[in-house]
Structure formats: structure tokens, C-alpha cells
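Order of appearance sets the numbers: ligands from 1, and atoms from 1 within every ligand. Predicted model only: the values in this text are computed from it and were never measured. The residues of the chain are indexed from 1 along the displayed sequence.
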Amino acid sequence: MKPRGILLAGNWKMNHGPTAAQEFFRALPYSKKPGATMRIYPSFLSLSTALDSVNSAGKEIEIGAQNFHAEKSGAFTGEVSGPMLQEIGIHQVLLGHSERRQYFGETPAVILKKTVSALQQGFEVLLCIGETLAERNAGQTQAVLTHQLESTLADPICAAAFGTSLHLAYEPVWAIGTGMTATPAQAQETHASLRSLLTRTLGQTSADAVQILYGGSVTPSNFAELLACADIDGGLVGGASLKPESFGALWNLIPS
Ligand code: 13P
């Protein structure tokens, strides 16, 4: 078993309304596994249905939101706040996804503000980071990841939360939805260097407790190899999380 446990998380992005969500959880083969957690991030609109579905089926699957607004309430048309999510029973949030950075202009400063607010409100945060192909080809992977993390590492609230309520997902942008997975060796090398960065800034105990998930074209055919790497603590899955068969197959690959 992995020292930090394994997290298999599905990010549904803008897919699966309430009807499809209900059908997904009905059909999902699920059995409890010691040391492993399954989590799904549905769209805001499907959160309540997802919670009802897993609760009524007695499946211990965590449900989280894909985003939230840093303010607790106010004139922010179209946004959803932490207290609203908590009112329906959501205590997990995904932040900093590359699609939020790319399509919605979320800068490191915006993501930091959301992360701090989420932690202060008692959420558990999975923070996504990752480099583009151009950045990787230019040998800038480490510099980009360090830049994406440095304000978070420097913030006392975030620094204290790493390894308890703040964990990471490394998603190379070039591997998202492209079928181009990082090789296990590439992913492990990056995860190990992220853990060294965490160790240098937070100390060994906290760094060792941070789950670092890999994301980017994870499928049942590559997940076992990725999971066998020492610093890969699970997967953040897009496309393969949409079908109960493929997500169930990923879950079954986690050793009991
Ligand atoms: P894919 O698994 O579809 O590549 O998506 C990865 C992702 O962005 C999960 O957040």
C-alpha cells in the first residue's frame, strides 16, 4: 500500500447533467478498498444529484466542486460560493485547473486567493499545476511549476495546509485530452522534483504527506504503470472518468 494512500479522482468538466450523473453512479461498479479514495468532481448543477446517488447507494465516494468563488456572497453574477456548496454537503474543491487558467483567465494570484479562501472555509483543495508543450520543449518545466506553486508555498495558510487539506495534481497541459500521456518515467521525475520543492520549503514531514496526483490522458491501459511510481499517489482523470466501465476499471487497478 502507498504511504499516502491513493486517490482516484474524476473531473467531469462540462459533461453529465443530473440525469447522466444519476445513471453513472447507478452503473458504477464500486467496492471499498482500504487506503484508497474515489472522488468525482461533477458540474455545479449535478452536485446534489451526485451526493444523493452515492449516499442512497451506500457508496463511499467523495463528491467535490470543480471551482468556486473566493468571496462568500455578493454581486458576482454566475458564480457559486463556498457557503452555498457547504449547505448542500460539498467539502472538496478542485482549483487551478489548466482550463480555468487558459479559458477563464485565472492567474496565480486569483488561484491563490481562491485556495486561501477555500482552506479558511474548511474545504479540502486539490490544486492543479502543469506546463504546456512549448514550455516543456524549452526545458522550462521546473521553472513553470515552481512559479505556479511559489505564491502558495509562501502563504502561511496554504503552507500549513499542505499534506492535510491541500494536495496537488500535476497535469501536463500537453497530455490533457490528447491521448499523449507522460511516460511513467517523465511523470515520476516531475513528481519527485515537486516533492523535493515541497521538502525544501515545508520540511520532510509535510512534503511526505502531500498526495501528488497525475492527470493527462489516464486510461485503464496506462494507469497501473503510473501508479507503480513512488511519487504518484493517484490519478485525476477527465475522459476516462465519464463512463462507469472505464472509471470502474481504473478503480480495479488500484492494488487492495
Ligand atoms: P483527460 O484525462 O481527458 O486527459 O483530462 C485530464 C484532466 O484535465 C483532468 O482534470
Side-chain angles (χ1 to χ4, degrees), residues 6-16 20-21 24 28 37-44 46-47 50 61-68 90 92-106 110-111 114-115 118 123-133 135-136 141 144-145 148-149 166-184 186-188 190-191 194 210-227 229 232-254:
I6 291 174
L7 172 60
L8 175 65
N11 172 14
W12 281 355
K13 309 188 178 185
M14 199 171 70
N15 297 289
H16 287 353
F24 174 92
L28 181 70
T37 303
M38 184 189 278
R39 184 183 303 156
I40 295 280
Y41 296 97
S43 72
F44 285 131
S46 300
L47 286 172
I61 303 170
E62 296 179 351
I63 304 295
Q66 295 173 16
N67 182 27
F68 95 137
I90 298 294
Q92 306 278 344
V93 68
L94 184 69
L95 292 175
H97 193 280
S98 63
E99 289 150 15
R100 300 294 318 168
R101 296 175 193 260
Q102 188 179 349
Y103 304 132
F104 302 96
E106 290 195 6
V110 169
I111 294 161
K114 289 188 179 197
T115 306
F123 284 90
E124 188 173 317
V125 176
L126 184 60
L127 178 66
C128 305
I129 53 172
E131 83 288 2
T132 63
L133 188 57
E135 289 162 345
R136 173 163 282 263
T141 301
V144 169
L145 297 179
Q148 287 175 349
L149 270 184
L166 179 55
H167 297 274
L168 295 177
Y170 167 59
E171 297 203 306
V173 178
W174 48 273
I176 295 178
T178 60
M180 281 169 57
T181 330
T183 63
Q186 277 174 325
Q188 167 57 26
T190 309
H191 282 230
L194 283 170
V210 177
Q211 286 184 315
I212 310 179
L213 272 55
Y214 170 79
S217 296
V218 171
T219 66
S221 58
N222 58 28
F223 189 47
E225 265 192 310
L226 289 161
L227 213 47
C229 300
I232 299 183
D233 304 306
L236 178 59
V237 186
S241 72
L242 294 175
K243 292 211 169 82
E245 310 82 62
S246 46
F247 202 61
L250 290 171
W251 182 246
N252 287 338
L253 287 168
I254 298 174

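- For atom 7 (C) of ligand 1, the closest heavy atom belonging to the protein is Glu171 OE2, 3.1 Å.
- Distances below 4.0 Å separate heavy atoms of Gly177 from the following atoms of ligand 1: 1 (P), 3 (O), 4 (O).
- In terms of protein heavy-atom proximity, atom 3 (O) of ligand 1 is closest to Gly239 N, 2.8 Å.
- For Ser217 (side chain) and Ala175 (main-chain N/O), a donor-acceptor pair under 3.5 Å exists by modelled atom type.
- Nearest protein heavy-atom neighbour of atom 2 (O) of ligand 1: Gly238 N, 2.9 Å.
- For the pair Asn67 and Glu106, the minimum side-chain heavy-atom distance is below 4.5 Å.
- At a 3.5 angstrom cut-off on N or O pairs, Glu99 does not count as close to ligand 1.
- By the salt bridge (Lys or Arg N to Asp or Glu O under 4.0 Å) test, Glu171 is found to be paired with no residue, residues two or more places apart in sequence or in another chain being considered.
- Shown in contact with Leu236 at under 4.0 Å from a heavy atom are these atoms of ligand 1, numbered in order with element: 9 (C), 10 (O).
- Each of the atoms 4 (O) of ligand 1 lies under 4.0 Å from some heavy atom of Ala175.
- The salt bridge (Lys or Arg N to Asp or Glu O under 4.0 Å) search around Arg39 returns Glu62, Glu124, not counting sequence neighbours.
- When all heavy atoms of Tyr41 and Val93 are compared, the pair lying nearest together is CE2-C, 4.0 Å.
- Checked by atom type and distance alone, the side chain of Tyr170 never pairs as donor or acceptor with a backbone atom of Leu194 at under 3.5 Å.
- The single protein non-hydrogen atom nearest to atom 5 (O) of ligand 1 is Lys13 NZ, 3.3 Å, given as residue, atom name and distance.
- With a 4.5 Å cut-off on side-chain heavy atoms, Glu131 and Trp174 count as touching.
- Residue-ligand proximity: Gly216 is placed with a non-hydrogen atom under 4.0 Å from ligand 1.
- Residue contact annotation: Ser217 has a non-hydrogen atom under 4.0 Å from ligand 1.
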